[in-house]
Amino acid sequence: MNSTLLNSVLFVVLFPVFGSLFVGIAGKWLKKPLAGIIASCSVGLSFVISVFTFFSLIKLPPDLRFFDKVFFQWVPVGHFLVNFGFYVDPLSLLMIMVVSSVSFVIHLYSIGYMKDEEHFSRYFSYLNLFVASMLLLVLADNFLLLFMGWEGVGLCSYLLIGFWFHKKSAADAGRKAFIINRIGDFGFLLGILLIYHTFKSLNYNVVFSNAPLILSHGSGIATAITLLLFMGAVGKSAQLPLYVWLPDAMEGPTPVSALIHAATMVTAGVYMVARTHVLYQLSPVSMGVVAFVGIITAFYSASIGMVQFDIKRILAYSTISQLGYMFLGVGVAAYSAGIFHLMSHAFFKALLFLCAGSIMHASAGETDLRKLSGLRKYLPVTFWTMVIGALSLSGFPGTAGFFSKDDILAHAYVTPYYGKFLWGLGIITAALTSFYIFRMIFIVFWGDKQKESHPHESPKIMTFPLIILALLAIIGGYVGLPESNLIHRFLSPVFLGTAVLSSNVELKTIMVSLVFSLGGIATAWYFYLVNPSLPESMKKKAAGLYKLLLNKYFVDEIYERIFVLPGRKLSSFFADVFDAKYIDGAVNETGKWIKTNSEQWRKIHTGYLRNYALIILIGGILLLGFLMTKIH
């Protein structure tokens, strides 16, 4: 690859950083559209460099598509040396193209969506920094630099979820996301420390090349490292049991939700497991944990999404569920399939969230399904693009989600021992997914209960990104056609040894999955268009189950009772009792003792010279007497 082009990869990260700094500092002197345009262009330039790098890379033979570009020594401390370098290979290149392209579209959409926002420049400054952190994360060539990007997206998510910090709900949601992610990141950091202890390096090339030599297959160290790393992924990618921050993240602006769910933050955990697959392959236990956590989370979240009424929360639970599919993919060693679904999900989930923003724009910010109806004739572009996104999420034939989701399910089916269970739960989840997303579509866009207000289609700066993402949600899947599977061929140098499925297995699993997905759509159609009274009667018949799902299995309440309330009581005890009585008490008593003794000792300071001379004389006599006794 051209050395100049390889050096220019640094600007994939620097352009959004420069954009963030410029818009953040000069924002108060910039007119609103200009600040958004500058921020959007900075991300667009990152995408352009990514595309040029891609075309340069594919000209090379597959085994030569790996470059570790070191820019400078970053942390030289004794024997501990970490460079600031980027690892350019098919995986990182695909990720930066997905991140920069989807982020660019979301930036454009934000110009229209946030046009009335007072803190317009601050918003775009945070947005640029968010993208830069994610790009740094996927390009890093060592675990410390990865961790820097990892924490960067965590910080930016806190800033953007709580962007409207004057609202208590937004401030609380940002704090919740930050704290829960710190729990996962604690394990992630321990995993990195254990990697350094084991390999005496944090560089990918050193760790991955030596892993099969130092770690035996199934060893305790390999399992400990991978489970600790996965703990970080569970927090960052919102999997059980640390998923609870993501539904509340809806308090931020809707384009932020699109960015978090589609291109940044939550996909970091999936990428990390795929990047460190060499370590995970040495631990069958960890691979099983990843697969089971993924599929159980997918089913669990889809079941909650079936009965929710807030559009953005439905989409949030959908994201948690789809991330579960991705972890299922990488957990059964179908790494290319997992990354393929990450890519297709970025397209259709960004589309669905931006469509939700368009609905809110047309309905004075309303997100409650019970207050929305009959918008099909008022929002034609939003309607058709959202239907395309819903079809792709459901795995409808010909859409991106169809190819990527079924690729994962097919690999799960052939996994030894527990593969049939994973596959079975996966197709049930597919049916639930189709049901809840089309439940939302039918309620919002059909019906005739129009409100007093007169909804209108969003401006072109918002609808144009919807059209782009709708096209990607369709054509994006054709790189993974079962016969050619271009994305598998592109990523195969990274994921050596990934099983290639027979066409018979793929066809069988696709047909069964398709029946379940279409069944979910048909059920939603019958429930909400043909017989609208049926959901209410079903709700009464299964009141206990409905209450359980509506209240999200009461997990937040359980966490509140087990962790939050005891934590508050413990904090109050330390603040009001232990600190006041023992810490402050010790300081205060020490001060009192010094003050009391000072009162006594200061009496010997009379200010008379004769008294001081007498004391010196007495001291001299005593010292002389002491010395004479030692002589004798």
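If you read the sequence from its start, that first residue is 1, and numbering goes on from there.
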[X] vs [Y] side-chain heavy atoms within contact, under 4.5 Å:
{"X": "Leu229", "Y": "Ile195", "answer": "yes"}
{"X": "Glu251", "Y": "Lys312", "answer": "no"}
{"X": "His277", "Y": "Val330", "answer": "no"}

Review point. Which word best sums up how the rings of Phe163 and Tyr123 line up, parallel for under 30°, tilted for 30 to 60°, or perpendicular for over 60°?
Key: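 Ring orientation, 0 to 90° scale: perpendicular.
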
Practice item. Return the orientation label for the Phe80 and Tyr196 ring planes: parallel under 30°, perpendicular over 60°, tilted otherwise. Key: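 Ring orientation of Phe80 relative to Tyr196: perpendicular.
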
Check your understanding: Is the cationic atom of Arg313 (NZ for Lys, CZ for Arg) positioned less than 6.0 Å from the six-membered ring centroid of Tyr317 and within 45 degrees of its normal?
Key ->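 Cation-pi check for Arg313 and Tyr317: fails.
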
Practice item. For Tyr243, enumerate each residue passing the side chain to side chain donor-acceptor pair (under 3.5 Å) test, keeping only those at least two apart in sequence or located in another chain. Key: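 If we apply the side chain to side chain donor-acceptor pair (under 3.5 Å) test to Tyr243, skipping adjacent residues, the hits are Tyr300.
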
**Study point:** Under the side chain to side chain donor-acceptor pair (under 3.5 Å) test, residues paired with Ser286 that sit two or more places apart
**Key:**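 Expected list: Thr226, Ser283.
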
Review point. What distance separates Leu160 CG from Phe130 CZ, expressed to the nearest 0.5 Å?
Key: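 Those atoms lie 6.5 Å apart.
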
Review point. Between the side chains of Ser404 and Asp407, does any donor sit under 3.5 Å from an acceptor?
Key: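 Side-chain D/A pair, Ser404 to Asp407: absent.
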
Check your understanding: So, Thr382 versus Ser358: side-chain donor-acceptor pair below 3.5 Å or not?
Key ->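 Judged by distance alone, the side chains do pair up.
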
Exercise for review: Would you please name every residue forming a ring-ring contact (aromatic ring centres under 6.0 Å, His included) with Phe347, sequence neighbours left out?
Suggested key: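 Counting only residues at least two positions away or on another chain, Phe347 forms no ring-ring contact (aromatic ring centres under 6.0 Å, His included).
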
